Amino acid sequence: MIVTKNTFQPGQVLDADICIIGSGPAAISMALSLDSSPLSVILLTGGGWIETATNQDLYRGSISPTGTHEPLEENRRRQFGGTSAAWGGRCMPFEPVDFKTRSWVPDSGWPITYEDLLPYYHKAADLCEIGRFEFDAQKAFPDHKREILDGLDSDELISYPLERWSPPVHFGKTYQAALANSTNIRVLMDAHVLSIQTQEDTDTISHVTASMGGVPLSVTARNFVLAAGGIENARLLLTSTNEQFPTGLGNQNDNVGRYYMVHFSGVYAEVNVRDKTKLMADFERDAGGVYCRRRWWFPEPVQEARKLLNSIFFLYHANTTNGHRDVLFSSRFVAKSVLSIVSQRSVDGAISHTKKLLPSLKEHAVNIAKNGFLEIPDIVRLSLKRMAKRRLPYLLPSKRNDYWGLYFQAEQSPNRESRICLSESEKDAFGIPRVEVKLAFLEADIQSVIDTHTLFVNKFISKNLGEIHYSEEGLRHYLHERIGNYNSASHNIGTTRMSNDPQTGVVDKRSKVYGLTNLYVAGSSVFPTGGHANPTLTIVAHALLLADYLKSKRTEKQATLMSRSSS
């Protein structure tokens with residue numbers, strides 16, 4: 001059942017077996033798993049059907065130093081479906097190496113394994129609508145070319161790992177009917193959780209306070225699950241203070257909000273393949289019409305031998321003046337520039353921003369005028385694919401281009417000093433302290449990106465496959481510029497990390513918050529490391545694992561009660 005209008009009395013207390021806080025992929029996946037179970041569930045969404053300026057403002061915060069992270073309301077969505085309302089749909093699982101303790105990656109290692117998540121990955125693939133759980137191109141496409149670029153693969157660099165693309169699934173819209181028809185789930189729309197309260201002098205959560213349409217409510221439950229996103233999960237724990245937990249729930253060892261990670265990504269090097277007939281850079285579609293794409297990856301033994309963080313490469317639009325010859329690149333640049341100008345909050349700001357962008361805009365506009373005619377058939381064809389229900393993920397560079405960009409996406413090292421905390425002066429409309437983000441990269445993050453580029457470049461050159469524009473000094477300068485003006489793409493990871501030791505984590509291997517008996521956390525905030533993979537598929541898989549655990553707890557409790565009654 002979905003409750004869209006507040007029919008409750010101020011201060012009314014609602015009750016359930018499980019209360020889930022959030023409405024993104026983690027929260028909705030858990031709810032779907034709990035549907036038709038004997039457990040009663042209340043889902044507090046924190047947003048409505050669509051994003052509103054008022055709700056989105058609740059996500060505003062500050063960045064320290066200024067510019068080192070995108071505005072906190074930019075990529076996240078405070079609405080039913082969460083950030084799945086705006087995601088691109090790229091799906092790939094974490095790899096076994098991501099779960100292991102690696103000597104060259106301090107604070108690495110998960111208390112669960114890849115094998116623990118594997119059956120839930122298969123279920124997550126269904127929920128994300130990416131077809132079968134097959135991420136080996138040699139098995140998924142046995143009749144296609146075996147490499148992205150013939151002759152480049154080796155023991156140190158392989159290109160058969162796949163990424164699969166969701167249509168993309170908007171979890172709110174796609175699973176609205178299932179939740180609306182559920183007999184044991186109540187979804188409270190636009191219900192914002194303000195605090196999580198414990199029973200007096202105990203380690204048990206008694207209730208959460210919420211506001212639905214401006215009316216205060218309380219929800220009691222046997223178990224609570226915090227699934228509000230990588231930043232909001234930590235924020236709610238930090239703001240929920242009392243005499244027993246003066247620095248926030250689960251924060252006895254000052255771990256909440258720490259180890260904040262994103263993915264280190266960008267485009268610096270440029271590749272000119274001599275023989276494009278050897279190149280397999282397009283999207284492939286499986287029998288179900290799912291878009292897939294290959295990527296270069298360094299296998300686990302190579303990562304260990306060379307002390308690399310987990311990283312991938314794939315071909316993309318160039319990011320320098322060479323990219324200006326790509327009409328698709330230029331068209332996208334012009335469109336984004338116009339939107340950024342329109343979004344300025346003042347006329348003076350729009351004028352200033354226009355002046356800043358004008359030289360590049362002129363260059364791209366000239367390129368479109370000169371070369372656009374030849375690209376019109378491709379643009380029309382690709383645009384139609386972008387409008388399909390299972391849309392083309394994005395527009396690739398034209399095959400007429402000489403140079404393609406080498407896109408990298410790399411793991412960020414766990415770093416205790418990279419963190420989110422509460423603002424000392426700013427509060428939102430509910431009076432809750434806003435978030436301050438202090439994203440911090442380590443030299444190891446920079447060096448690993450340089451080392452992976454050097455390894456790729458050397459192999460490309462040694463195989464005599466074409467030209468590549470690259471310099472270590474130039475890449476290092478590029479990375480420092482990226483760090484000074486970074487965008488996380490809403491890959492918010494690690495702020496309530498999972499650990500077997502409360503000294504180094506916030507939740508245990510069951511995702512239960514240390515120091516509390518009945519509060520759990522779902523989502524990428526519990527990931528101890530981030531790998532290179534976009535987090536959504538693993539978020540969903542882990543949420544399904546947690547849902548099964550909560551169902552098993554009820555079964556165990558019933559079995560214990562029956563045993564006692566019969567003895």
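Note that the structure is a prediction, hence the values are computed from the model and not measured.
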Problem set entry | Salt bridge present between Arg416 and Asp254 (N-O < 4.0 angstrom) | yes

Exercise. Without hydrogens or angle criteria, can the side chains of Ser525 and Thr496 be said to hold a donor-acceptor pair below 3.5 Å?
Worked result: yes

For this session: Kindly assign one of parallel, tilted or perpendicular to the pair Phe456 and Phe460, based on the angle between their ring planes and the thresholds 30° and 60°.
Result: parallel

For this session: Return the orientation label for the Phe141 and His144 ring planes: parallel under 30°, perpendicular over 60°, tilted otherwise.
Result: parallel

Seminar exercise, completed: Sequence neighbours excluded, the answer for side chain to side chain contact (heavy atoms under 4.5 Å, CB included) partners of Arg146 is Gln138

Problem set entry | Residue that, paired with Phe527, satisfies ring-ring contact (aromatic ring centres under 6.0 Å, His included) out of Phe99, Tyr260, Phe94, Tyr259 | Phe94

Problem set entry | Lys100 bridged to Glu304 by N-O distance under 4.0 Å | no

Exercise. Charged N to carboxylate O below 4.0 Å: is that the case for Asp548 and Lys551?
Worked result: yes

Exercise. Ring centroid separation for His453 and Phe408, is it under 6.0 angstrom?
Worked result: yes

Exercise. Less than 4.0 Å between a side-chain N and a carboxylate O, is that true for Arg76 and Glu70?
Worked result: no

For this session: Look at Arg235 together with Glu232 and state whether they make a salt bridge at an N to O cut-off of under 4.0 Å.
Result: yes

For this session: Go through the side-chain N and O atoms of Glu481 and His477 and say whether any donor and acceptor fall under 3.5 Å apart.
Result: yes

Problem set entry | Whether over 12 other heavy atoms sit under 6.0 Å from Lys307 NZ | yes

Exercise. In terms of the angle between their ring planes, are Trp87 and Phe171 parallel, tilted or perpendicular, with boundaries placed at 30° and 60°?
Worked result: tilted

Exercise. Do Glu163 and Arg90 meet the salt-bridge criterion of a basic N to acidic O distance under 4.0 Å?
Worked result: yes

